[in-house]
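What follows is a single structure, written as structure tokens, with notes after it.
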Amino acid sequence: MDVWAKDTDEVVYDTEVQGTNTKNLPKRSRYYESIIDAKLLKPGERDFNKMNDIYIILIAPFDLFGKRKYMYTFEMTCKEDPSVSLEDGATRIFLNTHGENPDEVSPELVELLHYIEHTTQDMADGCKSERIHKMQKRICSIKSSEEVSVRYMQRWEEMEMEKEAARELGLAEGRTQGLTEGRTQGLAEGRAEGRAEGRAEGRSSMARLIDKLLEENRIEDCKRIAKDPEFCQHLMEEFGIE
């Protein structure tokens, strides 16, 4: 459930579900916000008041701040006088499915958070929210659609084929460069061995990155790394993969 949306008032919402505590969620929310902010104005636009209001919402099955709350909302305020708000239009919200303060939030939010953690028909049937009932029907429809499943797997296979084609192109270029630069058999063999080791390490790193992303259900990020080397490198650094 990674969702980017914009409402009729042009307010932007980015919602991310985080399955495990990676110990970096506050700064990750800052990163998400910066990526969206960078795209809100056209190149050369200097009127920063045209920037949309933005909400970064992270949903997690753990209490990041240990205060037993379902919702933690952060906005910029003055340290010297908390009554003074920066009013920059940016809000970051952390939702905890294990909250213990139902009286401080809406009953529908509590139902939604419990449903997100346990997305079952029994859980949906026990909810009063019509929105959750509609969500459950939609989820059941998607899960039962063989066409959607086949399309997804075909796209995944296409991505793997694209990556393999890129690897083969790299191998061909490496062989050409090795033949051009290598004046002796020993030099050629040394470079070939180095390239083989480099490719093995690269495949291992990519596999570990994909495993990490799949563990966190970041399917869109899995798709993006095949076409965006800079984004791939950023994720490598994020997960500490060398």
Path from [X] to [Y] over hydrophobic side-chain contacts below 4.5 Å:
{"X": "M76", "Y": "Y72", "value": "no"}
{"X": "F231", "Y": "Y32", "value": "yes"}
{"X": "I35", "Y": "L58", "value": "yes"}

Query raised in the report: Yes or no on salt bridge (Lys or Arg N to Asp or Glu O under 4.0 Å) for R92 and E33, after CA distance, side-chain angles and deciding distance?
Result: CA-CA 9 Å; R92 283 185 267 175; E33 180 182 320; 3.4 Å; yes

Requested in this report: Evaluate the criterion side chain to side chain contact (heavy atoms under 4.5 Å, CB included) for residue pair R46 and F48; output intermediate values, then yes/no.
Outcome: CA-CA 6 Å; R46 305 303 299 174; F48 296 105; 4.1 Å; yes

Is there a side-chain contact between [X] and [Y] in this structure, where contact means two heavy atoms from C-beta onward sitting under 4.5 Å apart?
{"X": "I59", "Y": "L113", "value": "yes"}
{"X": "T77", "Y": "S83", "value": "no"}
{"X": "F94", "Y": "T73", "value": "no"}
{"X": "N101", "Y": "D103", "value": "no"}
{"X": "K137", "Y": "S141", "value": "no"}
{"X": "I132", "Y": "L112", "value": "yes"}
{"X": "Q121", "Y": "C140", "value": "yes"}
{"X": "Y55", "Y": "D14", "value": "no"}

Pair [X]-[Y], side-chain donor/acceptor within less than 3.5 Å:
{"X": "E111", "Y": "S129", "answer": "no"}
{"X": "Y13", "Y": "N52", "answer": "no"}
{"X": "T22", "Y": "N24", "answer": "yes"}

Main-chain N/O of [Y] paired to [X] side chain as donor or acceptor, under 3.5 Å:
{"X": "D63", "Y": "R68", "value": "yes"}
{"X": "H133", "Y": "A124", "value": "yes"}
{"X": "D9", "Y": "V11", "value": "no"}
{"X": "D7", "Y": "E10", "value": "yes"}

Query raised in the report: Taking it one step at a time, do R28 and E238 satisfy salt bridge (Lys or Arg N to Asp or Glu O under 4.0 Å)?
Result: CA-CA 9 Å; R28 182 184 294 186; E238 177 181 329; 2.8 Å; yes

Report task. Evaluate side chain to side chain contact (heavy atoms under 4.5 Å, CB included) for V12 paired with L40, printing each intermediate quantity in order. Result -> CA-CA 10 Å; V12 174; L40 292 180; 4.2 Å; yes

I need the [X] [atom1] to [Y] [atom2] distance, nearest 0.5 Å.
{"X": "T91", "Y": "I56", "atom1": "OG1", "atom2": "CD1", "result": "9.5 Å"}
{"X": "D125", "Y": "T120", "atom1": "CG", "atom2": "OG1", "result": "8.0 Å"}
{"X": "M135", "Y": "E130", "atom1": "CE", "atom2": "CD", "result": "13.5 Å"}

**Report entry** Centroid-centroid distance, F74 to F65, less than 6.0 Å
**Finding:** yes

Report task. Over all heavy atoms of both residues, which pair between E45 and L41 is shortest? Give the atoms and the distance, please. Result ->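 Answer, listing the atom of E45 first, then L41: CG-CD2, 4.0 Å.
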
Query raised in the report: Considering all heavy atoms of both residues, which atom of P61 and which atom of G19 are nearest to each other, and what is their separation?
Result: CG-O, 3.5 Å

Query - For Y31, all residues meeting ring-ring contact (aromatic ring centres under 6.0 Å, His included), sequence neighbours excluded - result: H234

Requested in this report: Decide yes or no on side chain to side chain contact (heavy atoms under 4.5 Å, CB included) for D37 and M51, but give the supporting numbers first.
Outcome: CA-CA 8 Å; D37 280 345; M51 293 182 70; 3.7 Å; yes

Query - Those residues that, when tested against H98, pass side chain to side chain contact (heavy atoms under 4.5 Å, CB included) (two or more places apart) - result: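 With sequence neighbours excluded, H98 shows a side chain to side chain contact (heavy atoms under 4.5 Å, CB included) to N96, E117, given in chain and number order.
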
Query raised in the report: In a check of side chain to side chain donor-acceptor pair (under 3.5 Å) between Y70 and each of E104, E100, H114, which one passes?
Result: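 The option that passes is H114.
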
Query raised in the report: Do you know which of L95, L25, L64 makes side chain to side chain contact (heavy atoms under 4.5 Å, CB included) with Q18?
Result: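 Per the side chain to side chain contact (heavy atoms under 4.5 Å, CB included) rule, the option paired with Q18 is L25, out of L95, L25, L64.
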
